[in-house]
Amino acid sequence: MIEARARMRLSRHVLSPTLLVLLAAAPLPAQSPQPAVPAPWVIADSAARTASITLEVTAPAGSPSALLNGYREGGVQIVVPFRWTVTWDWRSVDSAGKHSLVLMTEREKLPTEGGRPAFTNAMSRSVTAGLAAGQSDRTTFEAEESGWYWLLCGVPGHALAREWIGLRVDPEATTAGVKVKGS
């Protein structure tokens, strides 16, 4: 009887960690990611598989750096379905400085200046020199690889000053939209 109790105690101690491992390995209920929501500056055409994005750089008084459609430092992420064609119309209204726009693959660190775009033609003219207030540019590219990207100002030092937002090419997305950080 004493031996049986000892074996039961031992088996409880041996089973407990085993059960914990099994429980820890059990899949959690699937949580669907929050879908992108429509924004007036992102127009999706699911039939044509296109996203048209209107972007404006401003520099409000008191802001530490320029804003892209009112956001900076990844405060918003544009979501585009995989293999859609993206067109952006971009303009600068910042009279205090020049700006540009380039789509670059997210890495460990933000680049000090704009470089090679993630997709062919995914950049404005004069990436490192920038465009002056009142100037605009239009570009079209195909979202040909799923992943996370920075949509950033390529003028030296501007991305490090937090002049960037996110763009995600999502193979699961069925339409284009935005996700606001923290919501």
_Taking every non-hydrogen atom, the tightest pair across T174 and P81_ = C-CG, 4.0 Å
*What distance separates C153 SG from L131 CG, expressed to the nearest 0.5 Å?*
9.5 Å
*Give the minimum heavy-atom separation between R168 and P171, together with the two atoms involved.*
NH2-CD, 4.5 Å
*With sequence neighbours excluded, tell me which residues meet side-chain hydrogen bond (donor to acceptor under 3.5 Å, both in side chains) with D45.*
none
*Check side-chain contact (heavy atoms from CB on, under 4.5 Å) between V93 and all other residues, then give those that pass, not counting sequence neighbours.*
E56, T58, R91
*Which residue pairs pass the ring-ring contact (aromatic ring centres under 6.0 Å, His included) test with at least one member in residues 91-126, sequence neighbours excluded?*
H99-H158, F119-F141, F119-Y149
*Is V102 isolated, or which residues cluster with it under the ILVMFWY side-chain rule of less than 4.5 Å, directly or via members?*
M104, L110, M123, V127, W150, L152, L160, W164
*For the hydrophobic clusters of this structure (ILVMFWY residues joined by side-chain heavy atoms under 4.5 Å, transitively), does one cluster hold both V42 and W148?*
no
*Exam field: side chain R138 to backbone S124, donor-acceptor pair closer than 3.5 Å*: no
*asked:* Taking side-chain contact (heavy atoms from CB on, under 4.5 Å) as the definition, give me every residue that meets it alongside P156, ordered by chain and number, with sequence neighbours left out.
replied: E113, T128
*Search all heavy atoms of P117 against all heavy atoms of A122 and return the closest pair with its distance.*
CB-O, 3.5 Å
*asked:* Among residues at least two apart in sequence or on other chains, which ones pass side-chain hydrogen bond (donor to acceptor under 3.5 Å, both in side chains) with E73?
replied: R162
*Heavy atoms only: give me the nearest A44-A176 pair and the separation to one decimal.*
CB-N, 3.8 Å
*Mind listing the closest non-hydrogen atom pair of G97 and S92 along with its distance?*
O-OG, 4.4 Å
*Can you list the residues that meet the ring-ring contact (aromatic ring centres under 6.0 Å, His included) rule with Y71, with sequence neighbours excluded?*
none
_Quick one, L55 and D89 - any side-chain contact, counting heavy atoms below 4.5 Å?_
no
*asked:* Rounded at 0.5 Å granularity, tell me how far CD in E172 sits from CZ in F82.
replied: 12.0 Å
*Residues in side-chain hydrogen bond (donor to acceptor under 3.5 Å, both in side chains) contact with T140, at least two apart in sequence or another chain*: T87
*To the nearest 0.5 angstrom, please state how far the CD1 atom of I43 sits from the OG1 atom of T54.*
7.0 Å
*Nearest-0.5 Å distance, CG of residue L151 to CG of residue L167*: 6.0 Å
*asked:* Using a 6.0 Å cut-off, check whether atom CD of E144 has over 12 heavy atoms from anything other than its own residue.
replied: yes
*Hydrophobic cluster (4.5 angstrom, side-chain heavy atoms) - remaining members for V79*: none
*Is E163 reaching over with its side chain to a backbone N or O of A66, donor-acceptor style, under 3.5 angstrom?*
yes
*Evaluate side-chain contact (heavy atoms from CB on, under 4.5 Å) for I165 paired with I78, printing each intermediate quantity in order.*
CA-CA 8 Å; I165 60 174; I78 301 168; 4.0 Å; yes
*asked:* Going by side-chain contact (heavy atoms from CB on, under 4.5 Å), name the residues that satisfy it together with S63, two or more places apart in sequence or in a different chain.
replied: P60, L67, R72
*side-chain contact (heavy atoms from CB on, under 4.5 Å) involving R49 - partner list, sequence neighbours excluded*: R83, W84
*Any W41 side-chain heavy atom under 4.5 Å of V178 side chain*: yes
*Taking all non-hydrogen atoms of both residues, which atom of P111 and which atom of A159 are closest, and how far apart?*
O-CB, 3.8 Å
*Given L101 and L68, is the side-chain contact (heavy atoms from CB on, under 4.5 Å) satisfied, shown in steps?*
CA-CA 10 Å; L101 200 56; L68 193 54; 3.7 Å; yes
*Kindly write out the residues that satisfy side-chain hydrogen bond (donor to acceptor under 3.5 Å, both in side chains) with T139, not counting sequence neighbours, or none if the list is empty.*
N121
